[in-house]
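The chain is numbered in sequence order, starting from 1.
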Amino acid sequence: MKDEFSPCYVELSKSSLQKNISFLKNYVGEDVVFSSVIKGNAYGHGIDYFVPLAEECGIRHFSVFSSDEARKACRASTHEDTHVMIMGMIRNDVIAWAIEHDVSFFIFELDRLKAAAEEAKRIGKPARVHLHLETGMNRLGLDSDQFGETAQLIKDHSEYLQIDGLCTHYAGAESVGNYVRIQEQIDRFEEYTSWFEEQGIDAENYHTACSASTLNYPETIMDMVRIGIAQYGFWPNRETYMNFVKKYPEINAKHEDPLERVISWKSEVMSTKRVPAGEFIGYGNTYLTSRNQQIATVPIGYSHGFGRNLTNVGIVLINGERAPVAGLVNMNLLTVDITDISNVQKGDEVVIIGKQGDQEMTVASFSEMRNFMNYEVLVQIPSTLPRYIV
Ligand SMILES: *Cc1c(COP(=O)(O)O)cnc(C)c1O
């Protein structure tokens, strides 16, 4: 049932998600754990909707940034054997919650490791932790001079610290410009994990790979991958897509993207109007009609994430045709030129991102218009919009 009250909505395609996950799982290997990264409200797709959908597509492992996202994911999950992992922010006083809910979390500070051991002991259940090793990103991660103390703490509290993972994160695996830095990180990770092994500390999973390193550096796949952007149907950037199709000519031969966009963003024509030649449209004087024009108003604006910088630049799809934004983007609505589109009626579907007929508005085209990355456009789709699985 559609939410009749909402001016616009988001659709999530189950078949596209299934296709992306199958493609990626096939590529990384069936025995590799596929952790679905759902930080940033599942890259704008909506955690509440995306988690059960991904579970239907066989996902049982999710990665989030923070404890509030972990709690959301736990509530949205419909499978007992689903696991949630926090890669970033969790306050020490929330660690007890994580232990009780079997949520694992990254350790990049001794302070957090100590707190985890203490809380686990108090509760009488081990904390599931991933040691995030600093290999060269220099953002978060245990430094090598802290490894000794880390290993000692783990040995002293072996009953209460379960080492789910040894992991790291790469500083820009999507771009060849970072090649040397990534190679150094790969080497250091190997050296460091050997050291932990020598100390008798073995992890359940060794994981380092995001979408870009999974696709560009297959040696980083190990026994778990943390896939964000690619599962939603986007290549991390064009360079990664180009490298990939060059490496796998059979994919290139089909001239068909193996990844499909999961998200669409839609609204409808609210009203239409005829405007004579020589008139300004909307606030101010940014758009002057050059002939008798037909204008449609769409109930979407910058409050919904359709940026003001798309004024006179943005494009939406109506009746399978491209309708350019005419005039300033308002807070709650925009005006588009439909003069050359025949028979547009109030109530007709408007596509902001997604397909209509033969036309597609990609997130990439949307990002280029706004000089943004895919990631940034996606997360700005408001969490308050209703989402429908199609
Ligand atoms: C965001 C993130 C990922 C996933 O990145 P994608 O490029 O979206 O695949 C993996 N690991 C960490 C630590 C992250 O923060």
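Val325 places a side-chain heavy atom less than 4.5 Å from the side chain of Phe306. No side-chain heavy atom of Val64 sits less than 4.5 Å from a side-chain heavy atom of Met87. For the pair Arg139 and His169, the minimum side-chain heavy-atom distance is below 4.5 Å. Taking the side chain as every heavy atom from C-beta outward, His45 and Val10 never approach each other to under 4.5 Å. Using a 4.5 Å heavy-atom threshold, the side chains of Thr208 and Tyr170 count as touching. The shortest distance between side-chain heavy atoms of Gln294 and Thr272 falls below 4.5 Å. With a 4.5 Å cut-off on side-chain heavy atoms, Arg128 and Asp102 count as touching. Looking at heavy atoms from C-beta onward, Tyr241 lies in side-chain contact with Asp257 at the 4.5 angstrom threshold.
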Could you tabulate the donor-acceptor pairs under 3.5 Å formed by side-chain atoms of residues 194-204, not counting sequence neighbours?
from: Ser194; atom 1: OG; to: Glu190; atom 2: O; distance (Å): 2.8
from: Glu197; atom 1: OE2; to: Tyr206; atom 2: OH; distance (Å): 3.4
from: Gln199; atom 1: OE1; to: Lys155; atom 2: NZ; distance (Å): 3.4

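His157 places no side-chain N or O within 3.5 Å of a backbone atom of Pro126 that could act as its donor or acceptor partner. Looking at Glu55, its side chain does come within 3.5 Å of a backbone N or O of Thr78 through a donor-acceptor pair. Lys125 places a side-chain N or O within 3.5 Å of a backbone atom of Ile99 that can act as its donor or acceptor partner. When atom types are taken as modelled, the side chain of Asn92 and the backbone of Ala115 share no donor-acceptor pair closer than 3.5 angstrom. Between the side chain of Lys72 and the backbone N or O of Asp48 there is no donor-acceptor pair closer than 3.5 Å. A donor-acceptor pair is defined here as one N or O able to donate and one able to accept, closer than 3.5 Å; such a pair exists between the side chain of Arg226 and the backbone of His207. A donor-acceptor pair under 3.5 Å is absent between the side-chain atoms of Ser158 and the main chain of Ile154, judged by distance alone. Not a single donor-acceptor pair under 3.5 Å links the side chain of Asn332 to the backbone N or O of Asn330. Using modelled atom types, one side-chain atom of Gln356 and one backbone atom of Glu349 make a donor-acceptor pair closer than 3.5 Å. A distance-only check finds a donor-acceptor pair linking the side chain of Glu134 to the backbone of Met137 [under 3.5 Å].
Within 6.0 Å of OH on Tyr283 lie no more than 12 heavy atoms contributed by other residues, nucleotides or ligands. Within 6.0 Å of NZ on Lys355 lie no more than 12 heavy atoms contributed by other residues, nucleotides or ligands. Within 6.0 Å of CG on Asp81 lie more than 12 heavy atoms contributed by other residues, nucleotides or ligands. No more than 12 heavy atoms of other residues, nucleotides or ligands lie within 6.0 Å of NZ in Lys346, so this atom counts as exposed by the packing criterion.
Residues Leu12 and Ile381 fall within the same hydrophobic cluster, defined by Ile, Leu, Val, Met, Phe, Trp and Tyr side chains chained together at heavy-atom separations under 4.5 Å. Placement of Tyr248 and Leu215 within a single hydrophobic cluster is found when ILVMFWY residues are connected by side-chain heavy-atom separations under 4.5 Å, directly or transitively. By the criterion of side-chain heavy atoms lying less than 4.5 angstrom apart, applied directly or through intervening Ile, Leu, Val, Met, Phe, Trp or Tyr residues, Val32 is grouped together with Ile21 in one hydrophobic cluster.
With side-chain heavy atoms closer than 4.5 Å counting as contact, directly or through intermediates, the hydrophobic cluster containing Met270 also holds Leu333.
Here the two rings, on Phe50 and Tyr43, have centers that are 6.0 Å apart or farther.
Using modelled atom types, one finds no donor on one side chain facing an acceptor on the other under 3.5 Å when comparing Tyr217 with Gln185. Between the side chains of Glu11 and Ser264, not a single donor N or O lies within less than 3.5 Å of an accepting N or O. In this model, no donor atom of one side chain and acceptor atom of the other lie less than 3.5 Å apart for Asn243 and Thr240.
Salt bridge status for Asp156 with Lys121: absent, with no side-chain N to carboxylate O gap under 4.0 Å. A salt bridge does not link Glu69 to Lys39: none of the charged side-chain nitrogens sits closer than 4.0 Å to a carboxylate oxygen.
In terms of heavy-atom proximity, Ile227 sits nearest to Ser211 at CG2-OG, 3.6 Å. Between Ala173 and Ala212, the shortest heavy-atom distance links the atoms C-CB, 3.7 Å. Closest approach of Met85 to Ser63, counting heavy atoms only: CE-OG, 3.1 Å.
Taking His61 as the reference, Ser35 meet the side chain to side chain donor-acceptor pair (under 3.5 Å) condition, with sequence neighbours excluded.
A tilted orientation is assigned to the rings of Trp235 and Phe244, their planes being inclined by 30° to 60°.
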>> One pair to check against side chain to side chain donor-acceptor pair (under 3.5 Å): Asn343 and Asn319. What are the steps and the verdict?
In response: CA-CA 9 Å; Asn343 197 29; Asn319 285 359; over 6 Å; no

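When Glu149, Glu119, Glu109 are each tested for a salt bridge (charged side-chain N to carboxylate O under 4.0 Å, His left out) with Lys114, only one passes: Glu149.
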